[in-house]
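Structure record follows, encoded as structure tokens.
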Amino acid sequence: MLTPFAYSMDKEKMSGFNDDVHFQVNNRHKVNVQKYFDFAVQNQPDFIVSPCEQVTFTSGKQKRKRSQKAALKNFINFQKIVKQEDKNQMLLMPILLGDKDGLDNYEMRQIQQRFIDEDEDKSLYYQVQPAAYSEMKQFFNTMPKEKIRAHHGMGTPVDVLNGIISGIDLFESDYPLTMAERGIAILIEDVKIQRKEESQQGEDRDDYLFLEMSKMMQKKDQRTLVLSKEENKTSEEKLVKECECYTCKNYNRGYLYHLLEVKEMNANILIAIHNVHQYHRMFENIRENFDDLEGYFKEYVKVNCVDIEESQLVSNENA
Amino acid sequence: MESGNQQIESQNNQQPPLMFKVLKRFNRCRAAVVTLPHGDVRTPVYMPVGTKGAMKGLLSENMAELIDCDIMLSNTYHLFLKPGEDIMEQMGGLHKFMGWNRNILTDSGGFQIVSLGELNSLDENGVSFKSHIDGKEFLLTPERSMEIQNKIGSDIMMALDDVVTPTTSGPRVMEAMERSVRWLDRCIQAHKNPDRQNLFGIIQGGVDDELRKICCEMMTKRNLPGYAIGGLAGGEDKEDFWRTVKVCTDLLPDDKPRYVMGIGYAEDLMVCSLLGADMFDCVFATRTARFGSAFSKYGMIKLRKNEYADDFGPISEECQCYTCQNYTRSYLQKTFRADQSCLHLISLHNVQGLRNSVLNDTAEQYARDFFINYYRDDKNGIPVWIKNALKECKIEL
């Protein structure tokens, strides 16, 4: 998948100096749509993400106006790419601004509708930013059901689970890797749910359940382990007891602590292997337990999550 | 002193956990197998250095599978400071700690005291030094060095020696050499696991042939499993360098491995192997990799240079390593961090290539091709010292 920009925490940098024709990559290169598309064709990715402007600054009226402008520009860019002849196997993903304000207002909706109308068979929807379940659900209700829905930059496992129940299929995030860079391991233990009897569940019931789950998740945070803490120094424990990844099979917390202490680059490599493996495992688990997401969620939260207040306390202590 | 020596000799007569078998020879050069507690080591061998219990940028699995490395080196000084000997012991030794089930060689810690730490004082008892990390003071004696290395559990341990730079001259060189022998005796006494760890002595004596001869004579009396040639590769004249190696390999027993410490340049590896040394170590491969340089058949390649931006060939055409098989120079130039596995491999590759050629009776041709290719782009041609050294090995360039 090729995206037009590198995701940056400092979002103003990405969208600061864009004009109508160009957009900016990494605050350095100005690129127009044609150039971007040519580059994409050369690299032959399986997905191309249509150029997009993301607006997160300012608030209120100003923001709304700015969002509309950005959405319109994104739409024009998307149109340009759709018109290209040499599309090969590549799929397009118009990025829709799903900002809270954006979703709420009528003009934005109209622009989004134009995206959908303009769409060809191959294109996918790609959605940016809304976090709460209800917003996403509401948004997807207005979208064609048969298309793949992808999400950009949805990070923590809790976010992912929220995304799953709101109907997102494809997730992309550097969260496991940035955590590894900071020496933090994600701890996800395998969730075993006891299957309950299957009851008739209508769509309304689903909606209600999912809303409840989403509320529950909002108070939770993923369990993680800061490996540079002194307590790991003599620990012979694995990161996660039943984890099958290369790191857990061969090393213990004490070794990773040591590597971080002496600033060996292998520390980050090993933690990254573990974190990414955990994500794969989690998605595997989600697919396996698709019939009983409710049970899975409840168990997941019990085993792998901490309350948000608690985790904030811990992070404040660290700071 | 003599009676003490005899006592040590008799103590040292039990069979060490090392077997050395020469498979084939080419003049002075030999292709052999050293059998150690964690498997066979094919020599001549280049040992990559994993200073602090990890190879920089390479996992243990990569080392074994991508590079097929038989033995690696780790530094006692670093492991002693962090994580510390007690943790090492608690975790069941370095092999288990770093997930490496092949062989490990540890140095004595003496060299890093000189190169990194702040040397406080040096006397007959040992070396006292300040840690380069927090300035804490420590005393390293031969007994301490053995204790730490016993806890690390390396397959080959080095005796603590009194290191002087090869450019030193005068009575200090002699003093250091004699002290190294006395310390070796203390190391032998303090060594707790002679049944599963090998202790190598280190030949000192600067670039003085006479001193080296005396040292060789005294140390070989101790009947150790193997010997190292130390105190080289520190800015001495290249002619002195190869002559010293030659003097030592002449005198060291033929049925024991010989290890030249701190040798890493491709040409040095070749010359020393041809002179009859078996083992080498240097951080050169990994360090240059971090600065973006790669070895090739035709000398060093600086991958950071712009001219490689559009070069879609591998680092080295003939190389079979993972990096060369999968990545282009252009990719490496862009990502800058050249994959270190390749650099290790080419070092290994060079000595391994020589080994194979000795086994196939084509060593002469191999060595000749190597030097001609290596200095192909050098306007000065092959240096004189290499020509002289090779003459000694009966190879005309």
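Please read these numbers as outputs of a predicted model, since none were measured by experiment. Chain identifiers are assigned alphabetically (A, B, ...) following the order of the sequence lines, protein sequences preceding nucleic acid strands; residue numbering begins at 1 within each chain.
Other residues, nucleotides and ligands place more than 12 heavy atoms under 6.0 Å from the OH atom of B:Tyr308. The number of heavy atoms from other shown groups lying within 6.0 Å of CD (B:Glu307) is above 12.
Of the atoms belonging to A:Asn252, it is side-chain heavy atoms, and not backbone ones, that fall under 4.5 Å from chain B. If you measure heavy-atom distances from A:Glu261 to chain B, the contacts under 4.5 Å come from both the backbone and the side chain. Only the backbone of A:Ser235 comes within less than 4.5 Å of a heavy atom in chain B; its side chain stays farther off. At a 4.5 Å heavy-atom cutoff, the contact between A:Tyr246 and chain B is made by side-chain atoms alone. Both the backbone and the side chain of B:Leu59 come within less than 4.5 Å of a heavy atom in chain A. If you measure heavy-atom distances from A:Lys249 to chain B, you find no contacts under 4.5 Å at all.
Chain B forms more heavy-atom pairs under 4.5 Å with one residue of A:Asn268, A:Asn266, A:Ile269, A:Leu270 than with any other, namely A:Asn266. Between chain A and the options B:Ser60, B:Pro83, B:Gly99, heavy-atom pairs under 4.5 Å are most frequent for B:Pro83. Of the listed residues (A:Val262, A:Leu259, A:Asn250, A:Ile273), the greatest number of heavy-atom pairs within a distance under 4.5 Å of chain B belongs to A:Val262.
Between B:Asp86 and A:Lys233 there is no salt bridge, since no side-chain nitrogen of the basic residue lies less than 4.0 Å from a carboxylate oxygen of the acidic one. Between B:Lys151 and B:Glu85 there is a salt bridge, with a side-chain nitrogen of the basic residue lying less than 4.0 Å from a carboxylate oxygen of the acidic one.
Between the side chains of B:Thr35 and B:Asp40, at least one donor N or O lies within less than 3.5 Å of an accepting N or O.
Remark: aromatic rings of B:Phe129 and B:Phe138 are close, center separation under 6.0 Å. Under the 6.0 Å cut-off for aromatic ring centres, A:Tyr251 and A:His274 do not qualify, their centroids lying 6.0 Å or more apart.
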